[in-house]
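A short write-up of the structure that comes next.
Residues take their numbers from the sequence shown, with the count starting at 1. All values derive from a computational prediction rather than experimental measurement.
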Amino acid sequence: MPTHTTVEPRPGDPAITPALIAEHGLTAEEHDRLVAMLCREPTFTELGIVSALWSEHCSYKHSRPLLRNLPTKAPYVLQGPGENAGVISIGDGLAVAFKIESHNHPSAVEPYQGAATGVGGILRDVFTMGARPIAMLNSLRFGSLESPRVRYLFGGVVKGIGDYGNCVGIPTVAGEVAFDPSYEGNPLVNAMCVGLMHENELIRAVAQGVGNPIIAVGARTGRDGIHGASFASEDLSAQSEAKRPRVQVGDPFTEKLLLEASLELIRSGAIVAIQDMGAAGLTSSSAEMAARGDVGIRIDTTLVPTRESGMTPYEILLSESQERMLVVAKRGREAEVERILSKWDLTTAVIGEVIAEPVYRVTEGERVVAEFPGTRLVTDCPTYTPDAVESAAVAGLRLRDVSRIAERPEERDPAWTLEQLLSSPTIASKTWVYRQYDTTVRTNTVIGPGGDAAVVRVRGTDRALALKTDCNGRYVYLDPRLGAQIAVCEAARNVACAGGRPMAITNNLNFGNPRKPDVYYQLREAVLGMGEACTALGTPVTGGNVSLYNENPGGAVYPTPVIGMVGVIDSLVHITASAFQQERDAIVLLGEPTAELGASEYLARIHDVVAGAPPACPLDRERALIDALLEAITSGVVRSAHDCSDGGLAVALAECCIMDRGAPHGAHVDLSAWRTLPQRAVLFGEAQGRVVVTSDSPDTVITIAKGHGIPARVVGHVRGAGSPLHITTGGAPLEISLARLDDAYHEAIPRAMSRAVASQ
């Protein structure tokens, strides 16, 4: 329906032309839809607002129909998708809020600030729910470390993550980093935050209460980050470097003040809603809160505190300056809100109010510069379901018989192959990364980076949280549905290896241009596979982020649907390490090797081949494996547990030997029970559903596993630090000293990054 307020072009604003519409990322059809909504041509300010809110980054217009296929409910889910973060109950009146989001495009042009502000944004998403952040995780993807540009991006991103999190005082406890040429021009930088609260402290970003004031809180608004949401919704190109001003600049010290002030505001009862001014800034936070509450709002841009003179309504509304929040306070309690914020030395200003009239209205003093009917600014965004057609080239790669690939002469010594895999940057120790993070601040970290999953204790209880991010983009590239299933299952296995029951996930869907049929096929199939795995494992999706248009002139990145998994450990005594712990313990393999080699790190690293079908992932078997493992852990008969994944069983065994540099252990392993399989598949194939455990009661472990229908077998024993890793398969034996393993695994990334220093 038409609005009744006169909205006229602002003096000095450009005329609305087809070129300007295209520059704002709107199609001709979307412009027509906007005109039909307004019953007139939009003003320049209105065009900017819609450009941001109807961008892929804010609207999910290509993914929203697909996301409805994901399971989102469980008795313990207090808040599912649609809010700043998901929230689950963990018992005794406590709840966990968690979310993962991307900052890919900003990090590609300004790695330090791009990554730092990504951390800041995800922190705000969690504490605006009423939860105190207790842990950070990340998931990173880069091209080859042979490239100086990649080393620059990698170093900048890691430093940005570390500096911001360290300054705010939140430990970074886990993450993953992979390197592949597909990410060469478009790194992926996904940040996850986990927070803890009491259930009764949960607050939602829902504007309500006619007459309630709308208050801008935190840092002043500048011109940085304008059109950041639109920038994140387009392919990267040679011109992207020129868009560096769209990358925000973070201030972690203000963030810390904002965190404490926001939590105090929530607990004061003086506010009804609070939301981060994230992507699309003031525009998205105000419009989304109004839409959730089905109310009207009025905002006066002249009342917004700015740090630059002469800012227009267009700039103020679309700025993505960091460390800002939007608050809906209870009428009459404005002074209390201001007093709390003043205590934390933060700027505050009443910039509008909730109104009875069903409109979204923006003024510049008395002049109305933008007005939209009802909540249609959010609800009328179009959605698209493009054609979905698998790439014939990718289908051909998947069908390739990789077992026919001849071995290299060097592979006659399987120790050589193992060394090559351990020194692959994707597999190698990430100590170079996480030593730049404070992993133990707040003193709740029990297991930090480097193991299967991080473990953070829940202070005041006997419980802990097990946390993990995971995804293998190569698997998803070759088979999107299966690859996404594996991502969910591997994250769940990692959480279970630490002793946690997988509870729920958040996801970050990193894909290319959805308008391309092969990319949309990848997205559709991955979402379906993720939903199937989450249903089978009982781990609902509580929210997440969709990051599309991860492309550059060289093509799209591997489809990378990152899973952030949260699990609960019921007692601290059940926390389980990944590395071998005790000499003479039996090594038990849960699950079995197969002849599968497709999509493996072995093929990519040793043969430069990306082909073959990813390994099978029977979902019922994965659920049974987790149940068996957790029963064995809670029975007290498991000393260590480590998931078998990238690089296969030989890599998993080597990691168990040397991942704890302070207490290495050798091992003697006999895999001759599978001598009928190809040796390289037994050692380096990536068959799913396998966990290496150690125990001084192996018969009990085997009995429990078989009770769940899981194959289990003693395959060896842990030896002392002076012993090598010795593996017998029926073919050429693999024997390698711990010193060689340690050097390959722990020094690969430091050596690669030292080249960056030497070249300066």
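Checked against the 6.0 Å centroid threshold, His668 and His726 count as a close aromatic pair.
Here the closest non-hydrogen pair linking Ala628 and Ile710 is CB-CG1, 4.4 Å. The minimum heavy-atom distance between Val194 and Val126, with the atom names listed, is C-CG1, 4.3 Å. Of all the heavy atoms in Val455 and Ala498, the pair that sits closest is CG2-CB, 3.8 Å.
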Evaluation steps, side chain to side chain contact (heavy atoms under 4.5 Å, CB included), between Asp125 and Leu123: CA-CA 5 Å; Asp125 280 344; Leu123 281 166; over 6 Å; no

Side chain to side chain donor-acceptor pair (under 3.5 Å) between Glu199 and Ser89, intermediate numbers included: CA-CA 7 Å; Glu199 290 184 21; Ser89 170; 2.7 Å; yes

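Under the 3.5 Å distance criterion, the side-chain polar atoms of Asp452 are matched with a main-chain donor or acceptor of Asp643. Panel note: side chain Tyr745, backbone Leu421; no donor-acceptor pair is recorded below 3.5 Å. Side chain of His665 to backbone of Ala663: a donor-acceptor contact under 3.5 angstrom is found. Using modelled atom types, one side-chain atom of Asn69 and one backbone atom of Leu66 make a donor-acceptor pair closer than 3.5 Å. Arg398 places a side-chain N or O within 3.5 Å of a backbone atom of Leu478 that can act as its donor or acceptor partner. Side-chain atoms of Lys99 come within 3.5 Å of backbone atoms of Asn84 as a donor-acceptor pair (strictly under, hydrogens ignored). Judged by distance alone, with hydrogens and angles left aside, the side-chain atoms of Thr576 form a donor-acceptor pair with the main-chain N or O of His574 at under 3.5 Å. The backbone N or O of Ala487 sits nowhere less than 3.5 Å from a side-chain atom of Glu490 that would complete a donor-acceptor pair. The backbone N or O of Ala616 lies less than 3.5 Å from a partner atom in the side chain of Glu596, making a donor-acceptor pair. Remark: side-chain polar atoms of Ser635 are not paired, donor with acceptor, to backbone N or O of Val637 under 3.5 angstrom.
The environment of Arg621 atom CZ is sparse: at most 12 non-hydrogen atoms of other residues, nucleotides or ligands sit within 6.0 angstrom.
Residues Arg463 and Asp570 are not paired through a salt bridge, judged by the lack of any N-O separation under 4.0 Å between the basic side chain and the carboxylate.
For Glu686 and Tyr475, the side-chain atoms include at least one donor-acceptor pair closer than 3.5 Å. A side-chain N or O of Thr560 and one of Tyr183 form a donor-acceptor pair less than 3.5 Å apart. For the 3.5 Å distance criterion, the side chains of Glu622 and Gln688 fail to qualify, holding no donor opposite an acceptor. A donor-acceptor contact closer than 3.5 angstrom is absent between the side chains of Ser695 and Ser697. Side chain to side chain, Glu655 and Ser578 fail the donor-acceptor criterion of an N or O pair below 3.5 Å. Arg690 and Ser645 share no donor-acceptor pair across their side chains, judged by distance under 3.5 Å alone. Thr728 and Ser672 form no side-chain donor-acceptor contact under 3.5 Å, judged by distance and modelled atom types alone. Between the side chains of Asn138 and Asn190, not a single donor N or O lies within less than 3.5 Å of an accepting N or O. With hydrogens and angles left out, the side-chain atoms of Arg605 and Ser423 include a donor and acceptor closer than 3.5 Å. No side-chain N or O of Arg474 forms a donor-acceptor pair with one of Tyr558 less than 3.5 Å apart. Residues Ser640 and Gln581 have side chains that never bring a donor and an acceptor to within less than 3.5 angstrom of each other.
Taken to the nearest 0.5 Å, the OG atom of Ser723 stands 7.5 Å off from the CG atom of Leu738. The distance from the CG atom of Leu677 to the CD atom of Gln679 is 11.0 Å, given to the nearest 0.5 Å. Atom-to-atom distance recorded for Asp462:CG and Ser571:OG is 3.5 Å, nearest 0.5 angstrom. Interatomic distance, CG of Asp699 versus CD1 of Ile702, reported as 6.0 Å (0.5 Å rounding). In this structure, Asp585 CG and Arg719 CZ are separated by 11.0 Å, a value rounded to the nearest 0.5 Å. If you take CG on Leu629 and CZ on Arg493, they are separated by 10.5 Å, rounding to the nearest 0.5 Å.
The only option from Val669, Ile587, Val715 that meets the side chain to side chain contact (heavy atoms under 4.5 Å, CB included) definition with Val692 turns out to be Ile587. A side chain to side chain contact (heavy atoms under 4.5 Å, CB included) with Glu525 is found for exactly one of Arg481, Met530, Glu390, namely Arg481. Applying side chain to side chain contact (heavy atoms under 4.5 Å, CB included) to Asn507 and the options Leu70, Asn545, Val562 leaves one that passes, Leu70.
Between Leu590 and Leu625 there is a side-chain heavy-atom pair separated by less than 4.5 Å. For the pair Ile100 and Ile122, the minimum side-chain heavy-atom distance is 4.5 Å or more. The side-chain heavy atoms of Arg713 and Trp674, taken from C-beta on, include a pair separated by under 4.5 Å. Considering only heavy atoms from C-beta on, Tyr521 comes within 4.5 Å of Pro480 through its side chain. Considering only heavy atoms from C-beta on, Asp696 comes within 4.5 Å of Arg639 through its side chain. Here the side chains of Leu397 and Tyr477 are in contact, with some heavy-atom distance below 4.5 Å.
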